[in-house]
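Both counts, for ligands and for their atoms, begin at 1 and track the order of listing.
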Amino acid sequence: GACCSYRLRNALHPLWQSPLSIPGGSRQSPINIQWRDSVYDPFLKPLKISYDPTTCLHIWNNGYSFLVEFDDSTDRSIIVGGPLENQYRLKQFHFHWGAINEWGSEHTVDSKFYPAELHLVHWNAVVYPSFEEAVMEGNGLAVIGVFLKLGAHHEGLQTLVDALPAVKHKDTVIEFDVFDPSCLIPSCPDYWTYAGSLTTPPLTESVTWIIKKKPIEVDENQLEAFRMLLFTSDGEEEKRMVDNFRPLQPLMNRTVRSSFQ
Ligand SMILES: Cc1ccc(O)c(S)c1
Ligand SMILES: [Zn+2]
């Protein structure tokens, strides 16, 4: 059935030599969001986002993606509301993208891929003492997903793109000390939400996903800048950092809720 083909695909996918499947994996990510199957939930609150740009620390190429990391030692950059029962602290954001514009996002909408997807990763510091512990708990993380589509130049993203040549190789890092990631989040409040997982190892089922309905627009040069990064360290044979997205996972017994009708 569909399930075993997913398992086979996970096991065979070049980037995710992960265990054949997560033992008892019933809430894996990413998934296809079938718009007509999502259920409007009138009790979903608007998502409140308040980031302090001075909590931004650095950009790091970790060999999977490039992460922009934040000082999460206090509640200065948080999200609250939406489907969340607590407030969650911003830890990092990163992207997933393709070698060409036809694919690259992790989630799909009615089976359509976007060229890239932004993930803003937050953790439940009200209940858990550290990010590492929160990663292991069902309500530990909240990730905002934002689709990127090819279109107009994105001013806010450009400050990030200008810094990427400095983190071309795996395990390089550059200081990046003032950036407000809310400039990367569409002003339209509409989102889908479902219970899922990390899309990179350890693939733990600890994520409340909040996927924005509207994409942001970026231009070709900005997408190409992502594709100039390398999976490989300085001195190794160069492998371009592209197609760093996980294959779609089975919905299993889950409902995707929408904040809009
Ligand atoms: C914590 C974390 C790390 C990497 C990821 O792609 C995601 S989705 C979450
Ligand atoms: Zn991600």
Query raised in the report: Given atoms ND1 of His119 and NE2 of His94, what angle do they subtend at the Zn ion (ligand 2), to the nearest 10 degrees?
Result: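 It rounds to 100°.
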
Report task. Just do the ring-ring contact (aromatic ring centres under 6.0 Å, His included) check on His107 and Trp192 with the steps written out, would you? Result -> CA-CA 11 Å; His107 293 87; Trp192 289 284; 9.9 Å; no

Report summary line: In this structure, atom 4 (C) of ligand 1 is nearest to the protein heavy atom Thr200 OG1, 3.1 Å

Requested in this report: Return a yes/no value for Gln92: is any of its N or O atoms, backbone included, closer than 3.5 angstrom to an N or O of ligand 1?
Outcome: no

Query raised in the report: Would you say His119 and ligand 1 have an N/O pair spaced under 3.5 Å apart?
Result: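 No: no nitrogen or oxygen of His119 is under 3.5 Å from one in ligand 1.
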
Query raised in the report: Under 3.5 Å, is there a donor-acceptor pair between the Ser29 and Tyr194 side chains?
Result: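 On atom types as modelled, these side chains qualify, holding a pair under 3.5 Å.
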
Report task. Indicate whether the side chain of Asn101 and that of Glu220 have a donor and an acceptor atom separated by less than 3.5 Å. Result ->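 A donor-acceptor contact under 3.5 Å links the two side chains.
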
Query raised in the report: So do the side chains of Ile31 and Val256 get within less than 4.5 Å of each other, counting heavy atoms only?
Result: yes

May I ask you to list the atoms of ligand 1 that are less than 4.0 angstrom from any heavy atom of [X]?
X      : result
His96  : 6 (O)
Thr199 : 6 (O), 8 (S)
Leu198 : 1 (C), 2 (C), 9 (C)

Query raised in the report: Just heavy atoms, cut-off under 4.0 Å: does His94 contact ligand 1 by side chain, backbone, both, or neither?
Result: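 His94 to ligand 1: side-chain contact only, backbone stays beyond 4.0 Å.
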
Query - Within reach of ligand 1, part of Lys91 (heavy-atom separation under 4.0 Å) - result: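 Neither; no heavy atom under 4.0 Å.
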
**Report entry** Considering all heavy atoms, the nearest Ile79-Ala142 contact
**Finding:** CD1-CB, 4.1 Å

Requested in this report: Establish, yes or no, whether a centroid distance under 6.0 Å links the rings of Trp60 and His94.
Outcome: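 Aromatic pair excluded; centres sit 6.0 Å or further apart.
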
**Report entry** Shortest-distance N/O/S atom, His96 versus the Zn ion (ligand 2)
**Finding:**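 Sorting the N, O and S atoms of His96 by distance to the Zn ion (ligand 2) puts NE2 first.
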
Report task. Report the residue from Gln249, Arg254, Glu205 that forms a side-chain hydrogen bond (donor to acceptor under 3.5 Å, both in side chains) with Gln28. Result ->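 Going through the options one by one, the only one that passes is Glu205.
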
